Engineer: 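My structure is below; once you've seen it, I'll send some questions.
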Amino acid sequence: MISAPDVVAFTKEEEYEEEPYNEPALPEEYSVPLFPFASQGANPWSKLSGAKFSRDFILISEFSEQVGPQPLLTIPNDTKVFGTFDLNYFSLRIMSVDYQASFVGHPPGSAYPKLNFVEDSKVVLGDSKEGAFAYVHHLTLYDLEARGFVRPFCMAYISADQHKIMQQFQELSAEFSRASECLKTGNRKAFAGELEKKLKDLDYTRTVLHTETEIQKKANDKGFYSSQAIEKANELASVEKSIIEHQDLLKQIRSYPHRKLKGHDLCPGEMEHIQDQASQASTTSNPDESADTDLYTCRPAYTPKLIKAKSTKCFDKKLKTLEELCDTEYFTQTLAQLSHIEHMFRGDLCYLLTSQIDRALLKQQHITNFLFEDFVEVDDRMVEKQESIPSKPSQDRPPSSSLEECPIPKVLISVGSYKSSVESVLIKMEQELEDEEYKEVEVTELSSFDPQENLDYLDMDMKGSISSGESIEVLGTEKSTSVLSKSDSQASLTVPLSPQVVRSKAVSHRTISEDSIEVLSTCPSEALIPDDFKASYPSAINEEESYPDGNEGAIHFQASISPPELGETEEGSIENTPSQIDSSCCIGKESDGQLVLPSTPAHTHSDEDGVVSSPPQRHRQKDQGFRVDFSVENANPSSRDNSCEGFPTYELDPSHLLASRDISKTSLDNYSDTTSYVSSVASTSSDRIPSAYPAGLSSDRHKKRAGQNALKFIRQYPFAHPAIYSLLSGRTLVVLGEDEAIVRKLVTALAIFVPSYGCYAKPVKHWASSPLHIMDFQKWKLIGLQRVASPAGAGTLHALSRYSRYTSILDLDNKTLRCPLYRGTLVPRLADHRTQIKRGSTYYLHVQSMLTQLCSKAFLYTFCHHLHLPTHDKETEELVASRQMSFLKLTLGLVNEDVRVVQYLAELLKLHYMQESPGTSHPMLRFDYVPSFLYKI
Amino acid sequence: MLRWLIGGGREPQGLAEKSPLQTIGEEQTQNPYTELLVLKAHHDIVRFLVQLDDYRFASAGDDGIVVVWNAQTGEKLLELNGHTQKITAIITFPSLESCEEKNQLILTASADRTVIVWDGDTTRQVQRISCFQSTVKCLTVLQRLDVWLSGGNDLCVWNRKLDLLCKTSHLSDTGISALVEIPKNCVVAAVGKELIIFRLVAPTEGSLEWDILEVKRLLDHQDNILSLINVNDLSFVTGSHIGELIIWDALDWTMQAYERNFWDPSPQLDTQQEIKLCQKSNDISIHHFTCDEENVFAAVGRGLYVYSLQMKRVIACQKTAHDSNVLHIARLPNRQLISCSEDGSVRIWELREKQQLAAEPVPTGFFNMWGFGRVNKQASQPVKKQQENATSCSLELIGDLIGHSSSVEMFLYFEDHGLVTCSADHLIILWKNGERESGLRSLRLFQKLEENGDLYLAV
């Protein structure tokens, strides 16, 4: 934990005040409670006041061909969550913005119905009247009985906080894609099964019809066919046709995986993930194939029945439910994934962002973070994820950039400059400018089709919504290419929607209607980070203009991001070009903040225009400031220590200090070279931001409680400082008491101060009742010990007194502490009994941040070369020791016993770093021969 | 300490106060051992430690297994299983410089009446000898002759190839308790109250046979001889159960000096009740010796005595160095003496020249404030008395090592790695100098960094 969300939130206060909306007039406020959701644990700054629901939730809706848009289910499935929020109304809204809404059927020029393997589209929309903002993920599932064989669905993450949606777009998109992939995989399996059945039926029907016809032929010797016979023959013909059609469909659905496979080759990890999700025991790399084989093996039990050749679109028939559409197994998997998403994005945006920054930073200091950080399992998960995900980014990020690089700057930008995104800036954007830009776009448009046509199409769309009174505004539509559209005749519908056009058009509409559903983005390509929507709007357009080959380039770009793209592999150099384009594009995006303008001079003009109309400079400067600060801190940790000046520079070099195989990858180059740095940040942002929730709810609660109890301990006991010093310096603290619950509670609370040995559990024993042994002190650093009044307890106490030199003893019953003297300054800051911190979780974070600071000191001390090795042969040990001491005292500013704490942590660091080498499982017991004192209240 | 833990009042009648034991308290500035590592492999009393080379040692005990350890890291290197009963003696047979086979041999004798010869580098049993009539209680190697001797109820001579060269007749039912090599191809064996000198006859032109002859019996001890060591090339020393210390000439086997007044109550101590305890013979039995050029250090009962060879008298003593019998002592190069005892503690002493105008010898630190002062004052008394006895030196306690929960049987000192102690609580503890270890770890850290190529900036 590096920073506390509470603190961040308060520092951002003035920006929140700036927010024009959501500030209710004062008189009305008198009558209603300030935080109506406070009872549900909502933060006072969460902007829920306008919303009719109490917290974020996920809505799945369907555009039913019978009844129109309808909500299917919500996660969490609790009416309390969405309250009076009109799900039906919102379903209508979210279902109406699926631009690709491509239908299947008999496309002109094709003999058979074509399945369209549509990419999901991702839209962000807002309804300021309802106070609801949503990330909407559209997907289509196949249903043999549905019109055009498709059933459009969408999953929406609905939140009252627009910024949350915008800033977490990448994460939301990635997580929902996973859920969608799961659904679709199950659906393909089920659809193939449907087709199999249908084919069997048709086959059977044909056989029956055939025999009947034969019988009739034989029975009829008049030489002419009766009308009945003709009818039968027609029916037979239509059945034959139907069979061919269905066989074709089956071929198509089966061919999907093979086409997909090309994409999947690039991301075997994800494949495995999907497979895991589906919990398929198959060893093939293709879940669909295995599904097919499943079908073959288990379907023979199906008895075909006679059906009518013409499939009737029966409206009275009940449509399949979502669960039926997908395999039940996949369906439950999806639900699990969705509730995981709900869990993951629960809470205030500020909290999410801080914890993301936090985790990103934590990963950087992996040499020291084992000491006090306790979510090791999350780290593991993140590592897994990183291993399994690299699919997409591996395509579009420059090969040199490493995944481990810090995603922090990106996040920080979002925190800082993102604030005034859509309404504050874009609405004010001058129409002329936009038009001008739009013309530019037109000019640079190199595509073969007429842009005006697209515009007409769009305009039509717009007009439609304007006339309905509540206009839909499309701010950004990035690509909605369907897989086949490029080669097929449907191209006219989707491909031409070049993002620039749509976007500029949208902005021109912006000023007309304020209160409406605003489609903030339609963005199926994951590499387009929400930065796009921030102030650097024109430059975003510009950057796309800067493609050497306009629209073609854009398609390349997008193709590179969605791996399952069909067409991309046909293009020869596809694997090289996207990365270049992408990186340049990303630089362009960041350019105004970075003052690096790699784009061609021809576009600098508009770029600067963009700057003029972009958000207040204050934000940007802040970003920059922070960024500089960041790089200073990371790239040269000791540069701020003036006393280090005398040392040879190479010794203080970061890559020299950050001594580990992994970290060495983040060489100095990556920090100093802004270009590669930024590009890697932008292009790999989607998965470098770990999407795993830091720790489960229980552990959050645990932290909170531990913090609360620690706070209580500090306030209650005047001798808390020496006790905490004991823990920090590795002297075992024995908490002695009769009541197990009380002892356990205190031990849990104090455990937050105990440095761990390694990536395992903390060396804390919550409750022991047998006499302690020397091994215990080697193993445990905090022990809760039962005080037994009976003579048997004397043994325990005797052992305790015998080993008193290794322990500090906190007697809860007598309220005494026996431990060495502490006169440092570190612990008083860590555990101030007059602290203003009230909340346990806040205190926990405070402790964590202090300890992180401490860790960095220990790190410096441990890895400073000259401190530990004699500079020349004749140097005595005393000289080295005095140099160490002066470093600790003067450079690190440690006072008295604080030195011991850092020395102890340094020993743990050394041991941890060398742990791979054969050694003992437990570190040695270090101790000092120092007198102890008895403290009383 | 215990008093407030038990939560009782502040009555001065604490447990610790009955003992006149010198204590040092928690502030031990001269005690270098600030790091310990507990090694656990045995499941019974660990009685023997033997050094194999600069960084390895072997431990053996009542569970019949021998474990080879790395003294630097505490890593368990080998476990030698073979004996079915407790091990009674262990010794290393260093390889000869001339010999091709560099393997060091470890010889272990056990109560199962076997001797097993181990290869010190593998777990291989080189040979197992099980032709003994009795338990072998001591083993000794005569490196000059490249033979080794086993002492039980009789004395056998073996060569490196484990051929029995010769043996004596049955000596006694109690068997040989100690065996030491002395010049002129002789060995001296302690059998009960007697010392028997044997001469080994190596094969010459005249006879091809090895032979062992009893040369002399020395009957000067009144009680069983418990300890026997060489002082130097010219003399050896024996100690008996009733506190007789005799220094013998190693060449003509005559008595050089005789000291048996360890239990003599000095008149000043008359009033103290522990004198009665001292009268008990086991309180003055001499368990172990160690010596340097000038002095012989004897572990007498609970006390430590320094006997000057030159002055032929005790020059310093600690009558109650431990709470219980001292089992093993060793002399460190830096004028320090380490003792371990049945009370589970190890103490570090320093032999200091007595200054005539010495101030109050025992510092009274904080412990007065916390109620320990009384102990210290009493403890200081024997030291003062000793001063009056005109001893010119004193043994100052400079530190104690508390870790074992039961009797510390033996310890082994490594110049580079610290101290290894073994105990009846089945544990072995490696005591190390924390500062030095910290430096070594830093060294290894930077070595590893260099190996990984992280130490210098990649160009």
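We name chains A, B, ... by the order of the sequence lines, and we start the count at 1 in each one. Note that these values count all heavy atoms, side chains included, but never hydrogens, waters or copies made by symmetry. What you are looking at is a predicted structure, and each value in this text was computed from that prediction instead of being measured.
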Engineer: Applying a criterion of heavy atom separation less than 4.5 Å, what residues of residues 426-441 of chain B form contacts with chain A?
Structural biologist: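 Interface residues of residues 426-441 of chain B: Leu427(B), Ile429(B), Trp431(B), Gly434(B), Ser438(B), Arg441(B).
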Engineer: Tyr929(A): which residues meet the side chain to side chain donor-acceptor pair (under 3.5 Å) condition with it, sequence neighbours left out?
Structural biologist: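 If we apply the side chain to side chain donor-acceptor pair (under 3.5 Å) test to Tyr929(A), skipping adjacent residues, the hits are Asn31(B).
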Engineer: What part of Lys40(B) gets closer than 4.5 Å to chain A, counting heavy atoms only: side chain, backbone, both or neither?
Structural biologist: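 Lys40(B) touches chain A through side-chain heavy atoms alone.
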Engineer: Can you tell which part of Phe777(A) gets under 4.5 Å to a heavy atom of chain B, answering side chain, backbone, both or neither?
Structural biologist: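 Nothing of Phe777(A), per the 4.5 Å heavy-atom cut-off to chain B.
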Engineer: Suppose we screen for side chain to side chain donor-acceptor pair (under 3.5 Å). Which residues come up paired with Thr732(A), at least two apart in sequence or across chains?
Structural biologist: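 Expected list: none.
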Engineer: Hey, what do you get for CD1 (Ile402(B)) to OH (Tyr806(A)), rounding to the nearest 0.5 Å?
Structural biologist: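 Ile402(B) atom CD1 to Tyr806(A) atom OH measures 6.5 Å (nearest 0.5 Å).
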Engineer: When rounded to the nearest 0.5 angstrom, what is the spacing between NE2 in His865(A) and CD in Glu450(B)?
Structural biologist: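 Result: 7.0 Å between the selected atoms.
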Engineer: Taking all non-hydrogen atoms of both residues, which atom of Gly344(B) and which atom of Arg802(A) are closest, and how far apart?
Structural biologist: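 In terms of heavy atoms, the two residues are closest at O-NH2, 3.1 Å.
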Engineer: If you take all heavy atoms of Tyr803(A) and Gly403(B), which pair is closest and at what distance?
Structural biologist: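 Scanning both residues completely, I find the closest heavy atoms to be OH-O, 2.7 Å.
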Engineer: Looking at every heavy atom in both Val38(B) and Met775(A), which two are closest together, and how far apart are they?
Structural biologist: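 The pair with the smallest heavy-atom distance is CG1-SD, 3.0 Å.
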Engineer: Less than 4.5 Å apart, side chain to side chain, heavy atoms only: is that true for Ile774(A) and Asp425(B)?
Structural biologist: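 No, side chains not in contact.
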Engineer: Ignoring hydrogens, what is the shortest heavy-atom contact between Lys910(A) and Ser442(B)? Give both atom names and the distance.
Structural biologist: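 Looking at all heavy atoms of both residues, the closest pair is NZ-OG, 2.8 Å.
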Engineer: Going from CD on Glu35(B) to CG on Asp928(A), what distance comes out if it is rounded to the nearest 0.5 angstrom?
Structural biologist: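 Between atom CD of Glu35(B) and atom CG of Asp928(A) there are 10.5 Å.
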Engineer: For Phe719(A), what residues pass the ring-ring contact (aromatic ring centres under 6.0 Å, His included) criterion, not counting sequence neighbours?
Structural biologist: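 Residues passing ring-ring contact (aromatic ring centres under 6.0 Å, His included) with Phe719(A): Tyr717(A).
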Engineer: Can you name the closest pair of heavy atoms from Gln778(A) and Leu37(B) and give their distance?
Structural biologist: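 Minimum heavy-atom separation between Gln778(A) and Leu37(B): NE2-CD1, 3.6 Å.
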Engineer: Going from OG1 on Thr34(B) to CG on Leu925(A), what distance comes out if it is rounded to the nearest 0.5 angstrom?
Structural biologist: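 Interatomic distance, Thr34(B) OG1 to Leu925(A) CG, rounded to 0.5 Å: 10.0 Å.
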